[in-house]
Structures are given as structure tokens and as C-alpha cells.
K.L.:
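Dropping the structure in here first, questions after.
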Number of protein chains: 2
Amino acid sequence: MFSFDQLRGFVAVAEELHFGRAAERLSMTQPPLSRQIQKLEREVGVLLLERDRRHVVLTAAGEAFLAEARRLLALAERAPDLAQRISAGSSGTLRIGFTAASSYGVLGRLLNAVEEQLPEIDIELAEMVTREQVAALSSGELDLGLGRPPFDSEVFGSRIHHREQLLVAVPREHPLAARPGPLRPDDLIDVPLIMHSPIKARYFYDLVVSLLPISHQNVVHTVSQVLTMVWLVAAGRGIAFVPASATGLGVEGVVYQALEGLPENPVELHLLWPRASRNPVVRRVLEIGPR
Amino acid sequence: MFSFDQLRGFVAVAEELHFGRAAERLSMTQPPLSRQIQKLEREVGVLLLERDRRHVVLTAAGEAFLAEARRLLALAERAPDLAQRISAGSSGTLRIGFTAASSYGVLGRLLNAVEEQLPEIDIELAEMVTREQVAALSSGELDLGLGRPPFDSEVFGSRIHHREQLLVAVPREHPLAARPGPLRPDDLIDVPLIMHSPIKARYFYDLVVSLLPISHQNVVHTVSQVLTMVWLVAAGRGIAFVPASATGLGVEGVVYQALEGLPENPVELHLLWPRASRNPVVRRVLEIGPR
DNA sequence: AGAACATGATGCCCTGAAGGTATCAGCTTA
DNA sequence: TAAGCTGATACCTTCAGGGCATCATGTTCT
């Protein structure tokens, strides 16, 4: 049977594609690393790395084994932690990622529900955008995420956790800020616009574009985080479309106006988790199903 | 970090709840097993087994760690098997490019053969013209292509996968459409012709020019895809030479006529693959050699 | 009560796995 | 053609881990 050291060696070489650098990263010299890999290949019974005298490249089998090796190492690293927590009297840990906007109200509701139903569970929190959450959920660094589409629904289970209105953030000095009642889409023609990044904030970008007629020549900034948007609005740079929870960000000098002719609560926030999750706490949290 | 041997030792003791028997099961003596467990507990940082001088019992942390240990060992045991299967080509992913015309029947036969012989293989499909296939095969984005010459036979291995007739596509209203039996090349003199692009559809261009006397002043369109050709024929723009599989495209208003004096099945479709392919699945598929 | 037994821990020895240094071998580049 | 990379080998050294003998302590039987 191979050893964890061999796996670590293999992962390092597979990532560096260079024995010397990989050895350095592992704080060892190159020759024993070469032998480690040879031995691993003998144990596994398969050529994992193709080395011509100049380059190193993964074989197809190596590719597959690399994924297994990473899983093994990740599992091995977390196992002691798990045991320690249980020993310390907790019945588990839940690591939750959340988007900045969801931290106002929505996240609190989730935490209260968990706290109440499962008081012995430890909760760790990390603020990150959906894209980072997806990566962290895949690698096992997170158990649960609060984010927005898109994500791969084959890999992640999800449930709509919150719906909210889409509002227009307007600088307090702007004429539109004083207007009573909901604004009409026409009112926004020729107004400078702070828009979402179609790459980093694809959900909002797609949502806004599908709901409203956007003139792209009015876009003065392209931004990926709601908070940044609201700051730019406060600075008078333009108006922006934001979820209702942005009102909780507490930025001065911004007025939030409703819009006419939109669906009721078009902005969705999803609770998402890796379907392959091994953390029993995840299942329990989904069972108690906050709201 | 703990070792697999330590995990195996722990699992054995946890199952036997007796160091002596566990040691026996592991074909070793009891003292080193005791030390193994002690060391494991130091690494994990938690007491896993409660031993009073007479009995051994799992702690809560031990219970949880046991589950992790079992998972780790199971994963570790099947990882080499996985790698071996991929290396042997009986598992893995095959990315196949195919021309639009080949999607009718021919591609299906290939897929069925692979499916039947190598059920564990995932297949990804992408429709593209031969030229794109060649590029994708070179860059490693594809493993296998279904296309037509020309391609560099130094770089690509190939095998004729299908031969078919060359037919004439005629608009339904055209006098030639009503003619019974095969047409003679003379019949086509002075008929408007939709011809293949000598650059993008060089295979067909060369084939047709080599088999039939073409009057280039009759050419009304130059096209690179069979489907486009058939549409233009349906629109009454002229006649076109197409492979028999074009009859499966299901375009209305087109009649397909055979031609006299042609070789039996002059249109060839090749299965092609990069000779330097490192994907073992390719070798396997070529070995089972559909048809 | 005391002897025999059961069972996990400890002390000591020895083998072999694995790391280090020096060097080789084959390809690339100037 | 020489210099430089880079992975593989040879050889030495260390120490982790297994075996044997024994201890310590709790149980059971007479």
C-alpha cells in the first residue's frame, strides 16, 4: 500500500510538473522524490507520469489518480479536526460561505434557526462571492453556501432561501431621489448607470438585462460587488440596480426607489451544498430546513 | 501525519475491541500495535479508545474517527483499481468530433459499439467540420474525429469508417427530379450547380471534380456544409452533389438521384485520431474496432 | 486470601525503509 | 561542440517500527 507521503509527493509533482521544484516545495531533495514516485507507481501498478528527459506530463491514469489523491489528503487532513471537535463536546461543525449582501438579515435568520435547533453545532463563517463559494464547496473547505446562480446543479444541491425586490439606488441629490412612488423604466433613460460585471456578477447582470431595457452607452462603471456599487452611487457616479437587502448596508447619501412593472421579488438567494457532502451536519441542517 | 498502517490498526482494534486479537488479525504482535495506536492518538490529538486494564471501548471521538478511517481506507483501496482501469482504457472519457452529415446513422453505430463493448466510458460529442476537428485533435480537445480527408497522416492515424454513394440533390420541381433511374453525367450539362468550397470542403470538391466533368461557369454558389447545400437546392437555386447520408437530413422539396458510371461508394468518412494520443481509451476503442 | 491467568504497556534490540550527497545519462540550447 | 537542465542511480546513514521479553494490574478460581 502507498503512503500519504507518496501521495503528497505525487500531488506536488503533478502540480509542478517538475521534480526539482516539487521536491523543494516538499522541503526535500529531488532523488528521494523520484524514488517515491517510482514506488507509488509500482504500488498502483500504473504509469502516472510520463517523463521524457525534458518534460513531465500526467497520463490519463495519473489525472484520475491525482483527483483521488487530493480527496484522500483532504479527508486525512480534516479527520483529526473532526475527532477533536467531537471530543470537545460539539456534535459537528458547519462552515458557511455567504455573499456580502446576504449578511444583512438573511444570514442571521439562517444562523438563528440552526442555533435554535442544533445548539451543539459550531459554525464558521466566511464572506465570499458565489464563484469562490462554489470552489470552496467543491474542495470541501465549505459545507454550505449562500449564493446566487449559476452553479452546476449536478454537483450542488440547492434550495431558494430568500427572494427579494430589485431596487434602484439613487444618489440623494439626484432628481429621481425626490420622486415619490415607484419609478418607470423610461425615467432611467439617459441616466449614468453603474452596472454589474457580466463575468463576476453574472447573475445580477443577466437578471437586470432580462428585466429592463439597458442602454449600454450609459454604463459608467462595471462592478462585481453590491457594496462597491452602493458606494459609487453615494459618490454620485450614477444609479445602480441592487437587491432590497442593500438598504441594510447603511451607506449614507443613497435613496432606494422601487421600480414599476417588475415581477414581485425577482432576486433569488440560494442555499447550496455539495451533493456529495460527507458532513452529517449538512443533512441535519437541511432537514430542519430554516424556512 | 498518521499512516495507513495506523488507520488499519485502529480499525482492527475498534472492531475487535481487543489488542491481542486485533494484532493477530493484522499478522503482528500486540506490543507494536499498542504503540501504533498511542502514536495515532498523539497525531490526532484525541483519545480514541478507552482502555481500563480489562476492556477496550471506543470514545465518541473514536467512533467518529473510525468512520473517517474506514472511508480513507476504502478510498485508498479502490484508487489504484480506478487508475488501472483508466490506464487499460476500459474507463475514462472519450471526446468525439463529428461532421454534421455523419450524425445520421454512422455516428450512432460508432456510439453503440463503444457503449456495448466499453460501458464504463463517458462520451462527449461535438459537431464540427473536419478542419476544426483536426485542430481540436492536435490541441488535445478531442480524442477522436469522424471526418474526411485531407489531414496529415504523419500526425493522425485513420481508418475508413464508412463509405457511401454520391448522389445528386435536385429541387423537386426540376425536370431531372422526375427522371426515373440513374442520371448520366451528360444530363447535368448546363444545369445550375451548387458546388463545394475548394478550401473549406476540399475533400468533396476534389472528389466531385475527379469523378465528374464540371463546368465551372454553371456554379451559382460555393458552399462548405452539406446542410447548406441541401437548403439551397430546396430553394431551387440549383443541383448539388451530396453524400447519401444527406437524405437523412430531412429537408423538404429535394429529390436525390443516383448517377451512372461512378465507383460504388466513393464518399469516405474516416475515423481519425492523433497518433501521439495519450488517452488509453482511444487505443481500446480502436481495438474493439467498430465494424 | 492467594495463585494463576488475562491483557495492555514498556524496554531493548535489530532490520529495512527512506532521506541525503555525489554522480550519471540524455536531451536542449548557445 | 560545450554548457546546462533534469530525472535516475549508487551508496551511505539514520531512525521508525516490528519482534521478544517482561512488567503492571485487574479478574477468577480454589
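Worth saying up front: this structure is predicted, and the values here are computed from it rather than measured. Chain letters run A, B, ... following the sequence lines, proteins first, then strands; residues in each count from 1.
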K.L.:
Evaluate whether atom CD of B/Glu16 has more than 12 neighbouring non-hydrogen atoms of other residues, nucleotides or ligands under 6.0 angstrom away.
P.N.:
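Result for CD/B/Glu16: enclosed.
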
K.L.:
Just the rounded figure in Å: distance from C1' of C/dA18 to NZ of A/Lys39.
P.N.:
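Checked: the NZ to C1' distance equals 8 Å.
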
K.L.:
Between A/Ser34 and A/Gln30, is any side-chain donor less than 3.5 angstrom from a side-chain acceptor?
P.N.:
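Judged by distance alone, the side chains do pair up.
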
K.L.:
Quiz question: by atom type and distance under 3.5 Å, do the side chains of B/Glu50 and B/Thr59 form a donor-acceptor pair?
P.N.:
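B/Glu50 vs B/Thr59: no donor-acceptor pair found between side chains.
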
K.L.:
Given atom CZ of B/Phe4 and atom P of D/dG17, what is their separation to the nearest angstrom?
P.N.:
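About 15 Å, once rounded to whole Å.
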
K.L.:
Would you say A/Glu127 has more than 12 foreign heavy atoms packed within less than 6.0 Å of its CD?
P.N.:
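Yes, enclosed.
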
K.L.:
Please state how far atom CG in B/Leu33 lies from atom C1' in D/dG18, giving the value in whole angstrom units.
P.N.:
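The distance from CG of B/Leu33 to C1' of D/dG18 comes to 11 Å, rounded to the nearest Å.
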
K.L.:
Counting neighbours of CZ on A/Arg131 that are heavy atoms of other residues, nucleotides or ligands and sit closer than 6.0 Å, is the number greater than 12?
P.N.:
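Atom CZ in A/Arg131 is not crowded, with 12 or fewer foreign heavy atoms closer than 6.0 Å.
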
K.L.:
To the nearest Å, give me how far apart CG (B/Asp5) and P (D/dG17) are.
P.N.:
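Value for this atom pair: 9 Å.
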
K.L.:
Going by the rule ring-ring contact (aromatic ring centres under 6.0 Å, His included), which residues pair with B/Phe151 if we only count those two or more places apart in sequence or in a different chain?
P.N.:
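Here the qualifying residues are B/His270.
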
K.L.:
Does a side-chain N or O of A/Thr29 approach OP1 or OP2 of C/dG19 to a distance below 4.0 Å, or not?
P.N.:
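Indeed not, no polar side-chain atom of A/Thr29 lies that close.
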
K.L.:
So which protein N/O to nucleotides 9-11 of chain D N/O distances come out below 3.5 Å?
P.N.:
from   : atom 1 : to      : atom 2 : distance (Å)
D/dA10 : N6     : A/Arg35 : NH1    : 3.4
D/dC11 : N4     : A/Arg35 : NH1    : 3.4

K.L.:
Expressed as a whole number of angstroms, how long is the span from B/Gln36:CD to C/dG8:C1'?
P.N.:
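The distance from CD of B/Gln36 to C1' of C/dG8 comes to 15 Å, rounded to the nearest Å.
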
K.L.:
Quick check: do B/Glu68 and B/Leu7 have side-chain heavy atoms less than 4.5 Å from each other?
P.N.:
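Side chain of B/Glu68 against side chain of B/Leu7, heavy atoms only: no contact under 4.5 Å found.
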
K.L.:
For residues 6-28 of chain A, which residues have at least one heavy atom under 4.0 Å from DNA chain C?
P.N.:
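Heavy-atom cutoff 4.0 Å gives A/Met28.
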
K.L.:
C/dA17 C1' sits how many Å from A/Leu40 CG, rounded?
P.N.:
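It is 15 Å, rounded to the nearest whole Å.
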
K.L.:
Mind calculating the distance between CD (B/Glu41) and P (C/dG8) to the nearest angstrom?
P.N.:
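It works out to 13 Å between those atoms.
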
K.L.:
Is the count of non-hydrogen atoms from other residues, nucleotides or ligands lying under 6.0 Å from A/Arg202 atom CZ greater than 12?
P.N.:
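No, not enclosed.
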
K.L.:
Check the distance between C/dT7's C1' and B/Arg51's CZ and give it to me in whole angstrom.
P.N.:
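To the nearest whole Å, that distance equals 12 Å.
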
K.L.:
So, do B/Phe4 and A/Phe2 have ring centers that fall under 6.0 Å from each other?
P.N.:
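Between A/Phe2 and B/Phe4, which both carry aromatic rings, the centre distance is below 6.0 Å.
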
